[in-house]
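Down below is the structure, laid out as structure tokens.
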Amino acid sequence: MRRDALEYRTVTTAIEMVEMEDLQRRIWGESSVTPVPQLMAAIHNGGVVIAAYHEGKPVGFCYGFTGFREGKVHICSHMLGILPEYRDWGIGKQLKLSQREWAIANGYDKMTWTYDPLEARNAYLNLCKLGGLVRTYLESYYGEMGDGINKGMPTDRLLLEWDLNSDRVVSSMNGSPIDRVEWRDYACVLDWELNGEHPRPVNRLELGEHTGILVSVPVSIQQLKKDNLDVALEWRLALRNIFKEAFSSGYVVVGLLKTDKPVHAYVLEKVCG
């Protein structure tokens, strides 16, 4: 399939929204579908739906609506989904960049969205390729969900903050993921060991007064869930505990350090003041 045949455009008609509804079913199944009336209401009240098309057919999309927090308006990017066969095409990043361009043109300077802290691939995109930051942990955010991605696990989420015009975000637009040499020298406060063929969280150290810390996360949580749900749950609870403590102590998630091991590592740095 030709990747140069991709096209991105803002979706505005009810007929196109029917395609978006069908696309959601193909990506997530029936349990996570935002219906056409909600999508139409959102785009007429400060929201946006942007879709990626390949040879004229929708293969991915993102959906955001107007949010309000601490007296300021922002875009809450609620959904981003891509058909499995297109997930190595760089579509996720391009959808976010298109969404950023739209948001700036329409007067927004900030975007937020949530993602599962156990999804290392999403973390790398959000933190290193897009330049977002995380300082908020949301425990069991969606309650119990029975879809294939979330079934059997508490729906904990990290809240990603994307300051659209910040130096950090603007510099990440040059295509070079954020990755600093000093990250490799940070103290690992959540380590790991092999449990059979799978990594298991161990050796939690005290946060202390480190400038930066590392928090391990499995490379492939979905495969781990299929193979050993109990170990996957250990990771959920281990990350929940360390993130909540770290955020209350003034740390912010600034990146994801990739390794050649079964785990990568979140990078957290202490915020002065």
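One is the number of the first residue; the rest follow in order along the sequence. Note: hydrogens, waters and symmetry copies are ignored here, and every other heavy atom, side chains too, is used.
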In the single-linkage hydrophobic clustering (I, L, V, M, F, W, Y; side-chain heavy atoms under 4.5 Å), do [X] and [Y] co-cluster?
X      : Y      : answer
Ile15  : Val36  : no
Ile242 : Val202 : no
Ile75  : Val169 : yes
Val170 : Tyr108 : no
Leu237 : Leu233 : no

Within 6.0 Å of [atom1] in [X], more than 12 heavy atoms from elsewhere:
X      : atom1 : answer
Leu194 : CG    : yes
Tyr141 : OH    : no
Glu206 : CD    : no
Asp167 : CG    : no
Lys261 : NZ    : no

Can you name the nearest heavy-atom pair linking [X] to [Y], along with the distance?
X      : Y      : result
Ile221 : Ala232 : CD1-CB, 3.9 Å
Pro117 : Leu239 : O-CD2, 3.9 Å
Arg180 : Ile178 : NH1-CG2, 3.7 Å
Phe68  : Gly71  : CZ-CA, 3.6 Å
Leu83  : Pro58  : CD1-O, 4.1 Å
Ile27  : Ile82  : CD1-N, 3.5 Å

Looking at side-chain heavy atoms only, is the closest gap between [X] and [Y] below 4.5 Å?
X      : Y      : answer
Thr34  : Met79  : yes
Met17  : Thr13  : no
Glu7   : His54  : no
Pro35  : Glu21  : yes
His78  : Phe65  : yes
Thr114 : Leu160 : no
Val11  : Met40  : no
Val49  : Glu16  : no

[X] [atom1] to [Y] [atom2] distance, which is reported to the nearest 0.5 Å:
X      : Y      : atom1 : atom2 : value
Asp227 : Glu197 : CG    : CD    : 7.5 Å
Glu85  : Arg87  : CD    : CZ    : 8.5 Å
Glu119 : Ser220 : CD    : OG    : 8.0 Å
Ser166 : Leu133 : OG    : CG    : 7.5 Å
Trp183 : Lys258 : CH2   : NZ    : 12.0 Å

Pairing residues for [X] by the salt bridge (charged side-chain N to carboxylate O under 4.0 Å, His left out) criterion, not counting sequence neighbours:
X      : answer
Arg240 : Glu139, Asp156
Glu70  : none
Lys110 : Glu161

Answer yes or no: is there a donor N or O on one side and an acceptor on the other, between the side chain of [X] and the main chain of [Y], under 3.5 Å?
X      : Y      : result
Lys270 : Ser249 : yes
Thr66  : Cys76  : no
Asn228 : Val231 : yes
Asp116 : Leu118 : yes
His264 : Thr259 : yes
Tyr8   : Leu97  : no
Ser77  : Thr112 : no
Ser140 : Pro154 : no
Trp235 : Pro199 : yes
Arg168 : Gly131 : yes

- Which word best sums up how the rings of Trp28 and Phe61 line up, parallel for under 30°, tilted for 30 to 60°, or perpendicular for over 60°? perpendicular
- Query: Is the distance between the ring centroids of His74 and Trp162 less than 6.0 Å?
  - Reply: no
- Message: Under 3.5 Å, is there a donor on one side chain and an acceptor on the other for Ser98 and Glu101?
- Response: no
- Task: Verify whether one side chain among Lys96 and Gln99 offers a donor that lies under 3.5 Å from an acceptor in the other.
- Result: yes
- Applying salt bridge (Lys or Arg N to Asp or Glu O under 4.0 Å), run through Lys57 and Glu55 and close with a yes or a no. CA-CA 6 Å; Lys57 298 181 180 180; Glu55 298 180 344; over 6 Å; no
- By ring pair (Phe, Tyr, Trp, His ring centres under 6.0 Å), Phe247 pairs with (sequence neighbours left out) Phe243
- Is the charged tip of Arg157 near the ring of Tyr137: under 6.0 Å from the six-membered ring centre and within 45° of its axis? no
- Check the pair Arg9, Ile50 against side-chain contact (heavy atoms from CB on, under 4.5 Å), reporting the backbone distance first and the verdict last. CA-CA 6 Å; Arg9 63 176 183 260; Ile50 299 174; over 6 Å; no
- Taking 4.0 angstrom as the limit, do Arg236 and Glu234 come out as a salt bridge? no
- Side-chain ion pair, Arg184 and Asp179, N-O less than 4.0 Å: yes
- Item | Residues Leu130, Arg100; criterion side-chain contact (heavy atoms from CB on, under 4.5 Å); working and verdict | CA-CA 10 Å; Leu130 297 177; Arg100 174 181 180 268; over 6 Å; no
Under 3.5 Å, which donor-acceptor pairs do the side chains of residues 207-219 form with other protein atoms, sequence neighbours left out?
residue : atom : partner : partner atom : Å
His210  : NE2  : Leu207  : O            : 3.3
Ser216  : OG   : Leu190  : O            : 2.7

- Please name the residue in the list Val253, Val189, Val254 that meets the side-chain contact (heavy atoms from CB on, under 4.5 Å) test with Leu268. Val253
- Query: Could you give all pairs that pass the side-chain hydrogen bond (donor to acceptor under 3.5 Å, both in side chains) test and reach residues 121-132, with sequence neighbours left out?
  - Reply: Asp88-Arg121, Trp113-Asn126
